[in-house]
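Remarks on the structure that follows.
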Amino acid sequence: MADRHLAPDTPELRERWGSFEFSPEHKAKADKHIAKYPDGRQKSAVMALLDLAQRQVGEETDTQGWLPLPVMEYVAQYLDMPVIRVVEVATFYFMYNLVPVGKYHVQVCGTTPCMLRGSDDIITACKSRGMVKGGVSEDGLWTLTEVECMGNCATAPMVQINDDNYEDLTPERLDAVLDALAKGDTPKAGTQEPGRHTSEPSGGPTTLKEMVSENHDYRGEW
Amino acid sequence: MPKVTVDGQEIEVPDGATVLQACEQAGKEIPRFCYHERLSIAGNCRMCLVEVKPGPPKPQASCALPASEGQEIRTDSQMVKTAREGVMEFLLINHPLDCPICDQGGECDLQDQAVAYGRGGSRYDMNKRAVTEKYMGPLIKTVMTRCIHCTRCVRFSEEIAGVDEIGALYRGEDMQITTYLEQAAEHELSANVIDLCPVGALTSRPYAFEARPWELKKTLSIDVSDAVGANITLHSKGREVMRAVPRINDDVNEEWLSDKGRYMVDGLTKRRLDKVFLRKKGGLKPSTWEEAFKEIAKAKPGKAIAAIAGDMVDCETMFAAKALLKACGSSLLEGRQTGMDYDVSNLAAVNFNSTFAGIEAADAILIVGSHIRWEAPLVNVRIRKAVKRGAKVYILGPGWEPTYPATFLGEDLSVLSKLPKELVDVFKGAERPAVILGGAGLAKGALGATLAAADKLGVVKGDWNGFNALHFSAARMGGLMLGYAQKGGMADIVKAKPKVVLSLGADEMDFKPFADALKVYIGHHGDKGAHAADIVLPAASFAEKDGTYVNTEGRVQFAEKAVFAPGDAREDWTILRAMADALGVSVGFDSFAELQAGMIADVPALGEEGLADLGKLPKADGKAKAEGAISAYPIKDFYLTNPIARASAVMQQCSAELLHGDELAEAAE
């Protein structure tokens, strides 16, 4: 399990984030999320608002974003709910970063299927590029986290970088993806295996082969 | 009414009961940690597992499973035994084996249940989890490594206290119970989480390492820190009261107690009057009982003797003083020290008629001049319950922070005669409307106007009497029943120019107008009263004498003596009895039993524990008007309202840290 902790409440933190407010476009989105719930149940939108806040912090700092305490307090105030309830949510879910992260948050899956398919090599590759677990690399670009299963076992090993998954990785393919990101390009998300679209069986279908090119009625064959 | 079978015994349980409640009804003990009768169901400790058919062939958490028709419940099967052992083994994996140095030892649910339902030993030999301690204020000591994540404290502060400040951060094994940024828990009921905590994670900070539960003597008593009359047990060791804990009384305090009632007991050993003092040449000098009584006799008061009752005296003391004054030919009795002079010709008009349990059912409440959170924290809990059931609350007076949604109507009392339309409409549609008149309202002479407004709002309907006066002095209702009230209040006493003024623990009164009189203070703490007195006679506090108290709903309750008073201090009635001899009059009692019999003959209601019948409300005077504005509430500092609390180091710390913490922080910078 990741070692999570809240960023300490310091005067510098208060000074930097004490005046945080949603930008007009985020505010519009936040209100849309709140409007999904009945009157008086605005608290239900807390997860969406925390995500928006994290994204806005990310935009302001040119990183993936995180949740400083004053920002959580702002969300609590926005939703008229006790701040401790907001912090409970933010500390529970791993998608909310509690400490500053780099521009790209590389989350490597280390659960069994990925581990069997070589996630240890992926982590080594990340580390050899100067990434540190739980910290920000010196160039400010990378944060490395080892996470549990993200449901891409068919295309293991995988990493999640900010909002995209990169699957079927080898250290070389990962390097290509990271190099592209570092240059400011947008590499293709999803599987990195040439010829593979999504999570279909590697090396072509093994079942329902007739369905590949056209609709096929199997019923007579049962 | 579903019928279920518990261990082969068929019983009928109420609709909506859970399997756990069904088992309890059948007399089976179900171990539990997270389940608590007065909190919502969490179902996260898994200790209450039982076997239920029909259902999946596995143990089920009985606290969260509704009992339904035809269920076959087993609490004694092998499956249940194994399940309990398993849960207990998991709970103990991360629980330190520090019972010998844990304050919960001896009254710990986990300890007891581990012995009763656990297996002999652990099979776990890896490192245990350790959690840093969390600061929760001057009353709650935390050792969070011991926490088993039952979340009772979280649910208490959210549901009962209404102050969301405790929460569970992180998840799974890393879960930690804390307050936001480790701020102190800042409400008047915070220490109740200590009782709720089933393990030693939250324990009492002032009582830390003081005593073990089995070496304490338990005495049933009544909390005198406010007029709620919460039922408490005083735990004493030797001659010292170590702590006060609430006992269950659903009519009064449920099972909660305010922080003041719980923690002012350390004040019982501080600043105590343990010698007789006489004022000589401007200073109080230690003296003897003989000399003091000689001095009082020398004053030759005759009829000119008055008695002022303090906020914490029992009915017996007040009756003894009344008998003494009667023997002298005086009836100058007053208990409303601060000069209040509301009409007491009908006691129902100054009583909490709906009862505390009844106010929970109210659906519209108008509060006139009462900071209920401070004046009666346990009544505030009841009102919060009413609001959760849909009641609307209006408050007339300066703003304070209620723990429920409420509408403030401003400070001007004239609102009472021209109530806003919205409020009138709400009350018109209400089945059980209630009005609560507090100390600030009474002091401003708003009793008549509030009665008139209550009459207009129709708060009396059939069995329901929704007119409530909320006092905050434990002695008030008893004093009023015993006649401790003059028509003009304290002003009448001053006008009568008594030669001798007996202050029965009265510290809040103004002694200046009695400059010519001999001021005799009969009390237990060296506080304002003793400072102003000419003669100080050391007496017993509530913990050191038997006594009858009447709470603000007119409930007569009896408190027992827990410890002996220190030094030369005597029980109050014996002092007054001796004073009668000194003054050469006869009061008609020589023992406590005779005194009580005399008191009951005088006011029969005091002889029966329970609600006193104070009759019907008087006819409201439609013309009664109240004027002026309520500028402030009488309680300035919740933690320091009485001499015991003022002497208590814990209460002083609470006041400094929780109420004046900001000022302190500024001074430090």
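What you are looking at is a predicted structure, and each value in this text was computed from that prediction instead of being measured. Chain naming here is simple, since letters A, B, ... match the order of the sequence lines and numbering starts at 1 in each.
Atom NZ of K32(A) is surrounded by 12 or fewer heavy atoms from other residues, nucleotides or ligands within 6.0 Å. The local environment of CD in E15(A) is sparse, with at most 12 non-hydrogen atoms from other residues, nucleotides or ligands closer than 6.0 Å. Enclosure of atom CZ in R46(B) is not indicated, since only 12 or fewer non-hydrogen atoms of other residues, nucleotides or ligands lie within 6.0 angstrom. Within a 6.0 Å radius of CZ in R384(B), other residues, nucleotides and ligands contribute more than 12 heavy atoms. Within a 6.0 Å sphere centred on NZ of K392(B), heavy atoms belonging to other residues, nucleotides or ligands number 12 at most. The environment of CD in E59(A) is crowded: more than 12 heavy-atom neighbours from other residues, nucleotides or ligands sit within 6.0 Å. Atom OH of Y124(B) has more than 12 neighbouring heavy atoms from other residues, nucleotides or ligands inside a 6.0 Å radius. Counting non-hydrogen atoms of neighbouring residues, nucleotides and ligands closer than 6.0 angstrom, the CD atom of E60(A) exceeds 12 such neighbours.
Between R85(A) and D164(B), at least one side-chain nitrogen of the basic residue sits less than 4.0 Å from a carboxylate oxygen of the acidic one, meeting the salt-bridge criterion.
Closest approach of V83(A) and Y180(B) over heavy atoms only: CG1-CD2, 3.5 Å. Among all heavy-atom pairs drawn from H5(A) and Y170(B), the shortest one is CA-OH, 3.3 Å.
Counting heavy atoms from C-beta on, the side chains of L169(B) and L6(A) come closer than 4.5 Å. Side chains of F92(A) and M175(B) form no contact here, defined as non-hydrogen atoms less than 4.5 Å apart.
Atom CG of D9(A) is separated from atom CD of E182(B) by 11.5 Å, given to the nearest 0.5 angstrom.
When the side-chain hydrogen bond (donor to acceptor under 3.5 Å, both in side chains) test is applied to S190(B), the partners found at least two apart in sequence or on another chain are D259(B).
Scanning residues 62-82 of chain A against chain B with a 4.5 Å heavy-atom cutoff picks out L69(A), E73(A), P82(A), ordered by number.
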